[in-house]
Amino acid sequence: MAERDSNIDDLTTASTKSADEPKGWVVQIGVAANHDAAMEMLNAARVKGGSALASAKPFAVAYSGSYRARFGGFAGEREASTACKALKRSGIKCWASAQ
């Protein structure tokens with residue numbers, strides 16, 4: 001195994017899409033300082049979202065030093081908007097968007 005150059009800093013400079021990141025419509029519920037915090041936010045929201053999030057996939061997207069907490073896997077705008085409305089009724093701010 002090659003040694004890592006200690007003169008190179010690890011730095012995320014922009015968001016990138018991974019192969020397992022859901023395509024199509026997503027619901028973003030917030031931004032966290034790290035991946036684990038974003039996933040905790042998503043797990044708490046899943047409970048409050050009920051059946052509207054039953055088939056949604058939680059994921060975190062690195063962006064400019066933070067992580068966007070999102071649910072993906074919605075069939076379309078209507079499903080994403082319905083999920084967001086359910087979250088809002090439970091006190092969780094969100095927005096739906098095509099990705």
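Small disclaimer: the values here were computed from a predicted structure and weren't measured.
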Mind listing the side-chain donor-acceptor pairs of residues 25-38 below 3.5 Å, one per line with the distance, residues two or more places apart or on another chain?
| unit_1 | atom_1 | unit_2 | atom_2 | d |
| --- | --- | --- | --- | --- |
| Q28 | OE1 | R70 | NE | 2.9 |
| Q28 | OE1 | R70 | NH2 | 3.1 |
| N34 | OD1 | D36 | N | 3.2 |
| N34 | OD1 | A37 | N | 2.7 |

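- Residues passing the side chain to side chain contact (heavy atoms under 4.5 Å, CB included) test with N43: none are found, sequence neighbours excluded.
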Cut-off 3.5 Å, no hydrogens considered: what does the side-chain donor-acceptor table look like for residues 71-88, sequence neighbours left out?
| unit_1 | atom_1 | unit_2 | atom_2 | d |
| --- | --- | --- | --- | --- |
| E79 | OE1 | G76 | N | 3.0 |
| S81 | OG | E77 | O | 3.0 |
| T82 | OG1 | R78 | O | 2.9 |

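- Under the rule for a side chain to side chain contact (heavy atoms under 4.5 Å, CB included), the partners of K48 that lie at least two apart in sequence or sit in another chain are S90, I92.
- Transitive grouping of hydrophobic side chains (ILVMFWY, heavy atoms separated by less than 4.5 Å) keeps Y67 and M39 in distinct clusters.
- Cluster membership for L42 and L53, using ILVMFWY side-chain heavy atoms within less than 4.5 angstrom, is shared.
- The stretch residues 76-99 participates, sequence neighbours left out, in no ring pair (Phe, Tyr, Trp, His ring centres under 6.0 Å) pair at all.
- For the disulfide bond (SG atoms under 2.5 Å apart) condition, no pair includes a residue of residues 35-77, sequence neighbours left out.
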